[in-house]
Colleague: 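Structure in structure tokens, see below.
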Amino acid sequence: MNTLSADSQFHRQLILVNGLLPAALLVFDGWRGSLGANPVEFVTRTTGVVALFFLLLALAVTPLRQLYGWTWLLKQRRLLGLYAFFYALAHLWTYILGDRGGQLSTIAADIARRPFITLGMLSFACMVPLALTSSQAMIKQLGPKRWRQLHRLTYVVAIGGVIHYAMIVKSDLTYPALFAMVLTLLLGYRLRQVWQRG
Ligand code: HEM
């Protein structure tokens, strides 16, 4: 095994362990009964924020690689994206089972009644093709150009996720504003590249 692959494996394990930490802490807190007065809300909110965090990390890979030469990150982008999907799925699952009691009729009514839920569902729906086409085999099957075009959907999901977050917060917009700021920087970087390439 050469040094590079040993390094890659180390980075992978680092991200694997850190990515599982929020889930492990939620399970541990649930087990000791310390998820607060409203555990469903706590889990929904935590998984939502963690999903958005991983999404932005995955989007930051290209700029960080190009600006600082962090090429090692590129090999870990898929894992970051899959963690975003994993936490978004946990978020959706907590909403379906915890918030809505698993009743499809109330979920449909909620999607129609609350715009932030509609937006959350749409953003999640856009994540599904991204997760399904994340493997090397799918990149080969679609071809790198089409795969890259499809994966620009990640920006759509992130924009949807940030707006969804901002719509929920009633008074203090600090955290959604922070996420929005980072996303604007990432989008700005990408748009500048597109513009420079003509
Ligand atoms: C799958 C469809 C989705 C549903 C049904 C949904 C539903 C919810 C609900 C019920 C809340 C809590 C609202 C409250 O406590 O008042 C919430 C919060 C949140 N969701 Fe979603 N969501 C969805 C998708 C997403 C996606 C795709 C993201 C990000 C990628 C996301 C990020 C967030 C964030 C950041 C919060 C706020 C956390 C906080 O208040 O600290 N959600 N969502």
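Indexing begins at 1, ligand by ligand and atom by atom, following the structure's order. If you read the sequence from its start, that first residue is 1, and numbering goes on from there.
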Colleague: So, does Ile117 sit close enough to ligand 1 that a heavy atom of it is under 4.0 Å from the ligand?
Modeller: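 It does; at least one heavy atom falls under 4.0 Å.
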Colleague: Answer yes or no: does atom CZ of Arg192 have more than 12 heavy-atom neighbours from other residues, nucleotides or ligands under 6.0 Å?
Modeller: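 Atom CZ in Arg192 is not crowded, with 12 or fewer foreign heavy atoms closer than 6.0 Å.
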Colleague: Got the closest protein heavy atom to atom 30 (C) of ligand 1, with its distance?
Modeller: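 For this ligand atom, the closest protein heavy atom is Leu52 CD1, 3.9 Å.
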Colleague: Counting only heavy atoms from other residues, nucleotides and ligands, does the tally under 6.0 Å from CZ of Arg114 exceed 12?
Modeller: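 Counting other residues, nucleotides and ligands, CZ of Arg114 exceeds 12 neighbours.
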Colleague: Tell me the protein N, O or S atoms under 2.8 Å from atom 21 (Fe) of ligand 1, in chain and number order.
Modeller: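 Listed by chain and number, the atoms are His91 NE2, His164 NE2.
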Colleague: Test of understanding: given a 4.0 Å heavy-atom threshold, classify the contact between Glu41 and ligand 1 as side chain, backbone, both, or neither.
Modeller: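 Side chain only.
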Colleague: Does Tyr155, at its OH atom, have more than 12 non-hydrogen atoms belonging to other residues, nucleotides or ligands within less than 6.0 Å?
Modeller: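 Buried by this count: over 12 neighbours within 6.0 Å.
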Colleague: Quick one: pull up CD1 in Ile107 and CG in Leu92 and give me the separation to the nearest 0.5 Å.
Modeller: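 It comes to 8.0 Å.
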Colleague: Between Val169 and ligand 1, which part of the residue brings a heavy atom under 4.0 Å of the ligand: side chain, backbone, both or neither?
Modeller: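 No part of Val169 is near ligand 1 at this cut-off.
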Colleague: Give a yes or no on whether Gln196 atom CD has more than 12 heavy-atom contacts from other residues, nucleotides or ligands under 6.0 Å away.
Modeller: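 It does: Gln196 CD has more than 12 such atoms within range.
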Colleague: Are any of the N or O atoms of Arg45 closer than 3.5 Å to those of ligand 1?
Modeller: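 Arg45 vs ligand 1: N/O contact under 3.5 Å present.
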Colleague: More than 12 foreign heavy atoms under 6.0 Å from CZ of Phe116: is that the case here?
Modeller: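 Correct, the count exceeds 12.
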Colleague: Establish whether Met181 and Met167 are linked, either directly or via other cluster members, by ILVMFWY side-chain heavy-atom contacts under 4.5 Å.
Modeller: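 Met181 and Met167: one cluster.
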Colleague: Are any non-hydrogen side-chain atoms of Thr106 and Arg100 less than 4.5 angstrom apart?
Modeller: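 Yes, side chains in contact.
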